[in-house]
**Q** 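Can you keep this structure in mind? I'll have questions shortly.
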Protein chains: 2
Amino acid sequence: MERSIRSCDVPEATIQRLPLYLEKLKLLQAIGVEDVSSRQLAESLDIKASQLRHDFHYFGGFSRPGRPYRVAVLVTALEQIIGVDHPVPTAIVGAGHLGQALANYAGLELQGFPLRGIFDANPKLQGLEIRGQAIRDLDELEPVCRREGIKIGVITVPASSAQDVATRLVSAGVTGLMNFAPTELKVPDHVSVRHERLTVGFMALSFKVKCGEARLAGEEPDAAV
Amino acid sequence: MERSIRSCDVPEATIQRLPLYLEKLKLLQAIGVEDVSSRQLAESLDIKASQLRHDFHYFGGFSRPGRPYRVAVLVTALEQIIGVDHPVPTAIVGAGHLGQALANYAGLELQGFPLRGIFDANPKLQGLEIRGQAIRDLDELEPVCRREGIKIGVITVPASSAQDVATRLVSAGVTGLMNFAPTELKVPDHVSVRHERLTVGFMALSFKVKCGEARLAGEEPDAAV
DNA sequence: AGTCATCTGTCAAACCGCAAACAGGATAGC
DNA sequence: GCTATCCTGTTTGCGGTTTGACAGATGACT
């Protein structure tokens with residue numbers, strides 16, 4: 001008899017999987033699937049069914065023993081758990097190539113993260129419109145964030161100004177930061193930061209590629225040390 | 001007495017950290033630092049020193065007991081371990097907003113992933129140049145990949161064509177795929193795939209933000225179920 | 001009705017990764 | 001030379017995550 005949503009104290013690993021579940025379930029819902037078993041859902045995501053049930057177990061029962069899950073029920077519940085049952089106003093700071101690409105990415109709004117502000121210090125970019133949002137000067141950062149109730153700030157500025165931007169966003173009431181700059185950020189405890197590192201992904205991939213080559217070639221890679 | 005590079009069978013968690021070490025070490029090298037202790041390096045990355053030494057231990061000794069690490073030694077060793085001691089030719093398939101943003105990202109080339117091909121099915125984009133690379137038609141995918149020896153393919157096409165692109169890249173000899181499309185990819189065993197999910201990151205962040213709000217407000221979020 | 005197959009919720013064991021502790025080497029200062 | 005300090009390489013214990021197993025419930029089929 002848990003509370004309806006005992007959200008916190010859920011393992012990090014489970015949190016990471018919740019979005020995957022929601023994504024796949026929305027897809028199933030879109031093509032008209034009404035019921036889905038833990039086995040079916042897990043296999044389509046390449047994980048074990050027991051793990052999926054274990055994850056769901058943190059939030060109480062989504063079904064009854066003997067009955068498969070109802071897709072609609074899961075979608076609604078997961079949206080609420082994740083917090084995208086209501087729109088989460090989001091702002092992007094730094095309108096370079098990456099910032100513009102993210103701003104243009106329609107998926108974000110569809111998944112519940114409407115873009116309510118784009119900022120850049122470069123005057124040449126200011127005024128340019130992306131998906132109905134004009135790029136604003138950095139001076140407007142705090143007032144706009146407060147007015148729009150921005151909850152998540154996306155940092156796509158150079159590493160040198162990332163900490164400054166982060167501090168200003170936090171001071172304007174933003175409690176979630178998505179950091180694309182290659183720098184650690186110091187923020188208060190109540191703020192969550194997620195560091196998205198492109199080059200880390202590429203290098204991890206490179207490692208595995210090299211590893212695969214070595215394994216294929218008789219595990220004698222270069223020998224030139 | 002390990003082999004010089006017992007690269008494979010390294011835990012996934014360690015692999016993920018190797019790029020962070022390299023990134024920070026390059027930074028130190030750039031500002032003229034020659035020696036660094038495990039404690040210093042670890043603290044700047046917000047991890048424990050014992051973990052850093054533990055990670056390095058998989059690859060044999062980078063120093064001797066009593067002596068701190070030499071930055072230059074570590075950089076060279078890590079570059080070789082990760083596989084970026086030689087350039088890793090990379091191609092981008094899908095020149096939409098995200099594809100173009102990645103193509104424009106100078107960091108990739110700097111980190112050892114020179115862009116040797118951009119492809120898109122849309123004729124209107126073909127011929128457009130990005131950082132010296134003209135966007136090519138998809139028909140040229142296989143020949144260019146073979147000619148340039150592409151090792152890593154970046155998939156930034158819609159989900160509907162991601163699997164097709166992946167199959168074609170693999171058939172052209174690519175053994176590492178960076179997938180930005182929201183779809184699982186089926187590939188042979190010798191190919192490594194890394195799934196970069198933007199919305200997953202946003203949702204994980206949303207969860208924590210909501211969690212923080214609830215905790216702050218007396219853990220009674222909405223109650224409207 | 002009865003049997004069988006399927007499914008969820010739940011628990012316990014195996015597994016893995018992290019962090020602290022330890023042993024031994026190197027250097028600086030006295 | 002000796003001591004104190006700092007450092008790495010290595011091992012050990014602990015906590016979290018994953019995996020497999022089981023009990024109870026449901027519906028389909030005979």
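The model shown is predicted, which means the values in this text are computed figures rather than measured ones. Chain letters run A, B, ... following the sequence lines, proteins first and then strands; every chain starts at 1.
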**Q** Can you see which heavy atom on B/P114 is nearest to which on B/E109, and at what distance?
**A**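 Answer, listing the atom of B/P114 first, then B/E109: CB-OE2, 3.7 Å.
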
**Q** With the threshold set at 4.0 Å, does a side-chain nitrogen-carboxylate oxygen contact exist between B/K210 and A/E79?
**A**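 No, B/K210 and A/E79 are not salt-bridged.
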
**Q** Could you state the atom-to-atom distance from CG of B/L52 to P of C/dA19 in whole Å?
**A**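 Result: 12 Å.
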
**Q** Any salt bridge between B/R197 and B/E184, counting N to O under 4.0 Å?
**A**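 Looking at B/E184 together with B/R197, the answer is yes, because their closest N to O distance falls below 4.0 Å.
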
**Q** Measure the acute angle between the ring planes of B/F59 and B/F62, then classify it against the limits of 30° and 60° as parallel, tilted or perpendicular.
**A**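 If you compare the ring of B/F59 with that of B/F62, the planes turn out parallel.
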
**Q** Would you mind telling me which residue lines up with the more 5' stretch of DNA chain D, B/V36 or A/Q51, judged by nearest nucleotide?
**A**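 On the 5' side of the pair lies B/V36.
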
**Q** A/S37 near the nucleic acid: base, sugar-phosphate alone, or nothing, with a heavy-atom cut-off under 4.0 Å?
**A**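 Contact class for A/S37: sugar-phosphate only.
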
**Q** Have a look at B/S50 and say if it touches a base, only the backbone sugar-phosphate, or nothing, with a 4.0 Å heavy-atom cut-off.
**A**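 Since a base atom lies under 4.0 Å of B/S50, the category is base.
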
**Q** Using 4.0 Å as the upper bound for N to carboxylate O, is an ion pair formed by B/E196 and B/R194?
**A**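 Looking at B/E196 together with B/R194, the answer is yes, because their closest N to O distance falls below 4.0 Å.
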
**Q** Under 4.0 Å between any heavy atoms, over every strand shown, what does A/Y69 touch: base, sugar-phosphate, or nothing? Just pick one.
**A**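 Sugar-phosphate, no base atom in range.
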
**Q** Take nucleotides 22-30 of chain D nucleotide by nucleotide from the 5' end and write B, S or -, depending on whether a protein heavy atom sits under 4.0 Å from the base, only from the sugar-phosphate, or from neither.
**A** --BBSS---

**Q** I want to check one thing: is the phosphate of C/dT8, taken as OP1 and OP2, less than 4.0 Å away from some side-chain N or O of A/S38?
**A**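 Yes, such a contact exists.
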
**Q** In degrees rounded to 10°, what angle is found between the helical axes fit to the five outermost pairs at each end of the helix from C/dA1-D/dT30 to C/dC30-D/dG1?
**A**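 What I find for the helix from C/dA1-D/dT30 to C/dC30-D/dG1 is an axis angle of 10°.
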
**Q** Applying side chain to side chain contact (heavy atoms under 4.5 Å, CB included) to B/I155 and B/L185, what does each step give before you reach the verdict?
**A** CA-CA 11 Å; B/I155 300 177; B/L185 296 179; 3.8 Å; yes

**Q** Report yes if at least one side-chain N or O of B/R17 is closer than 4.0 Å to OP1 or OP2 of C/dC18; otherwise report no.
**A**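 Checking B/R17 against C/dC18: at least one side-chain N or O falls below 4.0 Å of OP1 or OP2.
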
**Q** Rounded to whole angstroms, how far apart are NZ on B/K48 and C1' on D/dC14?
**A**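 Result: 15 Å.
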
**Q** Say whether B/Q80 and B/T76, considering side chains only, have a donor N or O and an acceptor N or O under 3.5 Å apart.
**A**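 B/Q80 vs B/T76: no donor-acceptor pair found between side chains.
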
